[in-house]
Number of protein chains: 2
Amino acid sequence: MELKDIGEFSLIKKITKDIFVDKSMVIAGVGDDVAVIKTKSEKYSLLTCDVLIEGTHFKRETITPYQLGKKAIAINVSDIAAKGGIPNQALISIGLTKDTKVKYVEEIYRGIKEEAKKFNIDIVGGNTALSKDKIFVDIFLIGEIEPEFLLLRSGAKTGDKILVTGNLGDSSAGLEIIENLDFKFEEKIKIKLKQAHLNPCPRFVEGKIIAKSRLAHSMMDISDGLSSDLAKICEASGVGAIIWEDKIPISKETLAFAKSVKKSPLNFALHGGEDYELLLTSPPENANLIIQKIQGKTETKVSELGEIKDKEFGIKIVKTDGRIMPLNTYGWDHFRM
Amino acid sequence: MELKDIGEFSLIKKITKDIFVDKSMVIAGVGDDVAVIKTKSEKYSLLTCDVLIEGTHFKRETITPYQLGKKAIAINVSDIAAKGGIPNQALISIGLTKDTKVKYVEEIYRGIKEEAKKFNIDIVGGNTALSKDKIFVDIFLIGEIEPEFLLLRSGAKTGDKILVTGNLGDSSAGLEIIENLDFKFEEKIKIKLKQAHLNPCPRFVEGKIIAKSRLAHSMMDISDGLSSDLAKICEASGVGAIIWEDKIPISKETLAFAKSVKKSPLNFALHGGEDYELLLTSPPENANLIIQKIQGKTETKVSELGEIKDKEFGIKIVKTDGRIMPLNTYGWDHFRM
């Protein structure tokens with residue numbers, strides 16, 4: 001059996017099923033994007049890692065090394081932000097091919113350092129290794145959070161409202177533009193969508209506001225697509241969910257682009273990856289308070305797009321014509337592409 | 001300018017020269033193998049990462065996936081051990097090709113889990129990503145140490161004795177056997193040397209004994225070869241060194257193998273990589289105490305092989321015939337191979 005037959009998520013289940021952990025110290029381990037560890041101080045440690053691999057996550061021709069470095073930090077900050085935490089230190093593990101230009105590496109590090117500085121992250125070490133064919137940038141990020149503010153994937157409760165920050169689908173629409181440079185399309189829209197893919201902005205401030213408000217039950221960032229990541233919250237929380245198609249926030253740029261290439265904008269929004277928006281659930285009476293808090297303190301919009309149901313309900317979507325359909329999880333699974 | 005023109009160590013200097021760090025929290029950062037971070041508890045956090053990349057550090061044909069998983073943990077434990085610390089949690093970031101067999105990945109994880117359990121390490125998370133051509137296993141390990149026991153690269157002082165655990169060169173001799181399977185040679189010796197390369201045993205107990213004794217000034221593990229790693233201690237400490245060729249500990253197996261392939265055993269011992277022995281310096285009056293302590297509590301031998309000198313002296317080796325020569329640092333630099 002090969003990986004393409006079972007996909008990433010079944011593989012992870014298989015290999016992690018008898019992982020040894022000292023339950024007394026590990027609040028959340030394998031199964032969340034961030035490990036949460038008890039420490040002797042009053043705060044929990046947050047540990048996460050995420051990698052960008054040439055040929056899988058980027059092509060050298062379509063992202064500058066500076067953007068690559070920035071993005072490698074940003075996607076890790078997004079994970080910490082989605083717990084409501086703050087990042088502190090990073091290790092940079094980088095694999096470089098022998099023919100890499102020194103200038104190229106310096107540009108990756110310029111991006112890393114600039115993005116790290118923005119979030120007050122100390123680069124404290126790492127590793128530089130020769131990679132035969134492809135470059136990779138693997139970042140380990142350590143953060144912290146007060147226990148009372150921590151939000152996990154596993155906290156969603158039946159009756160919760162489902163909320164999401166920003167718009168969904170811009171990043172995958174941007175990727176499609178990047179990979180098909182001959183699309184004739186309005187330059188301003190192209191640039192905006194490409195930026196969403198190349199230069200994602202983690203919802204750090206929003207994550208902190210939501211966590212400190214203590215109004216939410218669960219949270220994660222959307223890196224594999226709404227359909228796939230909502231399923232992860234449901235699985236971790238032992239619940240089901242329903243979402244309304246017409247409430248899914250899609251930018252006018254993605255709508256226009258989808259129309260021009262005759263694709264469903266919904267496909268970008270539901271199943272596209274790398275939006276790095278926050279997906280959260282809250283008791284119904286808190287949903288509007290959260291929306292007001294975020295919109296009062298930032299320029300980020302928050303949309304309510306569904307509701308948590310019992311596990312038996314499954315995960316469903318109400319189409320614009322009123323039909324209720326199962327929500328298939330076609331999110332990013334590189335092993336099956 | 002390409003990486004092969006400047007090599008790994010000049011590259012690291014270049015890219016890390018203006019790294020932003022909050023000095024109040026970071027005891028040791030870039031420049032040691034392990035980052036040392038102040039926490040709010042009485043202990044320091046130790047952070048390290050190390051990667052094994054197919055084609056650079058291993059070939060699928062010559063290491064089993066189980067050995068690969070074990071080794072990936074072991075080399076990281078070695079870094080923590082060389083500070084005198086204990087490891088606590090690990091994140092596993094793994095890049096897999098689409099055609100990888102599920103069984104192969106399970107075997108990597110069997111090795112990871114077994115080695116982690118041995119050192120009481122909790123696997124708390126990680127990342128599984130598609131890699132186009134080559135597999136890699138990148139491990140991020142977090143440990144801790146009491147501040148009073150911490151040993152850094154930078155603590156060596158003029159007059160210190162230079163000590164090393166175990167034998168040097170077995171791992172690189174083993175690698176040579178692995179890569180030239182047609183060598184006609186005594187099977188028992190072949191197996192022992194191959195094991196040194198494929199299944200390294202981090203000097204965890206020895207590291208703790210040395211740290212807790214507070215008899216040493218500096219310590220690191222030998223992963224790039226004695227010549228290269230001694231130079232790192234000298235650079236970090238602002239000192240020079242002299243070592244005696246006839247005091248370098250070489251196993252009878254490496255001696256016999258080197259003789260049969262008409263190579264200098266010294267080349268394996270001085271410039272071979274991946275021995276994962278401890279290299280340390282101590283005040284002269286403590287050297288014998290350290291040797292006795294280790295040999296009283298373990299079966300590991302410790303050899304005194306040189307002395308720390310002023311920086312101006314440089315780094316030199318006394319040949320068996322009495323000549324004093326500069327010690328060239330031909331340690332592993334994959335970018336220049």
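On a predicted model such as this, the values are computed, not experimentally measured, just so you know. Just so we're on the same page: letters track the sequence lines, and every chain starts at 1.
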Answer with side chain, backbone, both or neither: which region of Thr39(B) has an atom nearer than 4.5 Å to a non-hydrogen atom of chain A?
neither
Closest non-hydrogen contact found for Gln89(B) with Ile37(A) is NE2-CG2, 3.3 Å
Okay, Phe136(B) and chain A: the region with an atom under 4.5 Å from a heavy atom over there is side chain
Need one label for Ile139(B): side chain, backbone, both or neither, based on atoms under 4.5 Å from any heavy atom in chain A.
backbone
Which atoms form the tightest heavy-atom contact between Lys98(A) and Glu2(B), and what is the distance?
O-CB, 4.2 Å
If you look at every heavy atom in Val51(B) and Ala129(A), which pair is closest and at what distance?
CG1-CB, 3.8 Å
If I compare all heavy atoms of Ala35(A) with all of Val124(B), which pair ends up nearest, and what's the gap?
CB-O, 3.3 Å
Cut-off 4.5 Å, heavy atoms of chain B, and the answer for Leu47(A) is both
So which residue, Val102(B), Ile53(B), Asp133(B), ends up with the most heavy-atom pairs under 4.5 Å with chain A?
Val102(B)
For a side chain to side chain contact (heavy atoms under 4.5 Å, CB included) with Phe140(B), tell me which candidate from Thr48(A), Leu141(A), Ile142(A), Asn127(A) qualifies.
Ile142(A)
Looking at chain B, which one of Glu144(A), Arg110(A), Lys134(A) has the largest number of heavy-atom pairs inside 4.5 Å, strictly under?
Lys134(A)
With a cut-off of 6.0 Å (strictly less than), are more than 12 heavy atoms of other residues, nucleotides or ligands near CD of Glu235(B)?
no
Please report the closest heavy-atom contact between Ser93(B) and Cys49(A), naming both atoms and the distance.
CB-SG, 4.0 Å
Heavy atoms only: give me the nearest Gly55(A)-Lys132(B) pair and the separation to one decimal.
O-NZ, 2.9 Å
